[in-house]
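Below: one structure, written as structure tokens.
This is a predicted model, so every value here is computed, not measured. Counting starts at 1 for both ligands and their atoms, in listed order. All residue numbers refer to positions in the sequence shown, counting from 1.
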Amino acid sequence: MAAARKSRRQVLAGGAGIAAAAAWPRALRAQAALHVVIVGGGFAGASCARALHAADQRLAITLVEARRTYTAPPLSNGIFGGVRDLAQQQFSYDKIAAAGITVANTTATAVDAQARMVALSSGDKLTYDRLVLAPGIDLRFDAVSGYSEAVSAQLPHAWTTDGAQIELLHRQIEAMDDGGLVAVVAPVNPARCPPGPYERASMIAHYLKTKKPRSKVVILDAKDTFTMQQLFLNAWKELYPDILEWKSLSSGGNVASIDAKNKTIETDFDNYRFAVANVIPPQRAGKITTLAGVADRTGWCPVDPVTFESLQQKNIHIIGDAAIAGAMPKSAFAAAVEGKLCAAGIVSLLAGTAPAAPKLTSNCYSVIAPGYAISIANVYRPVNGIYNEVEGAGGVSPLNAPASFRADEAKSADAWFRTTTAEIFG
Ligand SMILES: Cc1cc2nc3c(=O)[nH]c(=O)nc-3n(C[C@H](O)[C@H](O)[C@H](O)COP(=O)(O)OP(=O)(O)OC[C@H]3O[C@@H](n4cnc5c(N)ncnc54)[C@H](O)[C@@H]3O)c2cc1C
């Protein structure tokens, strides 16, 4: 917040650690420091801030983040399985600020792309040389009949970085009577973390199996197929045969309406009476992207795949879940890598050099039970302006793997989370 109250001159001068400006073009060397503003301090934005700071200490960097504490979604489904605590998911911005990045704890409310200015809810304005938008997703509450932001206080989505939503769903599952039904409503794609709803249902099933064995969980799905489907189906048959049921779109999974008061969900074929409902609505890029004019009719943001610069507005870059990154999944793994690539792109653009075309890896784990995880890995590269999978470079976990293999993948998931969050927030 302190940075937001400074004048532009102060912001530009502050925290820049100005060194010899050898790589910048002559016209830019006259300036005290170039200012990069980043909106959103999640896996994408915070990773970008760190990478920019590491790449060029002369830059003044302001990270605008609405929340004081970041609640990381990866592995958070373990909370519903009773194997993780919320505290393990939460990180402060203290170390990022201590590293010399200005952290403004406030919400960005408008962007003037012509004036290169961001307005903040505090009333302050920040001018920028380059703006990075990394706001994650907004939930399309109005897409599910009977659901709304107000109803989410009763029927949580637990799908954003709002820790209170995760706590609420956890409390409800713990408080329900044995014999009740937990309904998980899964959205259409594109959406954040494609395997996430199925991982969540698995962890809830693990909890029910061990603590409330007469209870059940049903996934009401707006889709007919999902990522790593056969691996999930096999695991459910083995681990949760009478507890977890998946209703695909064509077997009646599509939710027609939700009645929060009477605790019922009407689908195309059936009515479900639930004890707990976890409703994950369809999604779009965070609102600031619409306000900045960088989201298209799909609700997501088209970008240049090398620099992540908007195809709709100059000097604005979009990374993480909000961006259209072709075949790349909307994952924390991808978001953190995109943050680094975007930083490299910005440094090149500011220096007037051509950014190198990147190759990008992604590896997503899903934990189905304690000590039992599966994963999907891929390598991507830009082809005709969009990220495509590099053929033969990726793959999913084998269908018939021994328990030790699944256990190793669970350890890898844990190690990835610890390493990445330490690199960004530590
Ligand atoms: C249950 C679940 C499990 C998941 N598991 C995995 C996994 O195992 N592996 C994996 O790779 N991915 C996983 N994901 C996906 C991953 O969490 C997201 O892809 C990732 O968080 C995207 O990062 P981001 O930085 O784009 O957005 P976010 O992490 O959502 O961060 C965006 C930040 O921007 C802030 N913000 C938004 N608008 C503004 C504004 N106007 N002003 C100021 N601040 C603003 C928000 O407060 C937020 O902190 C999971 C997701 C869920 C929900």
Which segment of Asn77 sits under 4.0 Å of ligand 1 when only heavy atoms are counted: side chain

Heavy atom of Trp416, distance to ligand 1 below 4.0 Å: yes

Within a distance under 4.0 Å of any heavy atom of Tyr365, pick out the atoms of ligand 1 and give their elements. 8 (O)

Kindly assign one of parallel, tilted or perpendicular to the pair Phe80 and His170, based on the angle between their ring planes and the thresholds 30° and 60°. perpendicular

Is Val367 in contact with ligand 1, taking contact as a heavy-atom separation below 4.0 Å? no

Considering only heavy atoms of Gly320, which atoms of ligand 1 have at least one such atom less than 4.0 Å away? 26 (O)

Check for me whether Arg192 meets the cation-pi criterion with Phe43, that is, NZ or CZ under 6.0 Å from the six-membered ring centre and within 45 degrees of the ring axis. no

Check if Cys364 has a non-hydrogen atom at a distance under 4.0 Å from any atom of ligand 1. yes

If we only consider heavy atoms of Gly286, is any one of them less than 4.0 Å away from an atom in ligand 1? no

Pick one of side chain, backbone, both or neither for how Glu65 approaches ligand 1, counting any non-hydrogen atom pair under 4.0 Å. both

Show the atoms of ligand 1 that are less than 4.0 angstrom away from any heavy atom in Ala44. 25 (O), 26 (O)

Sequence neighbours excluded, the answer for salt bridge (charged side-chain N to carboxylate O under 4.0 Å, His left out) partners of Arg130 is Glu309

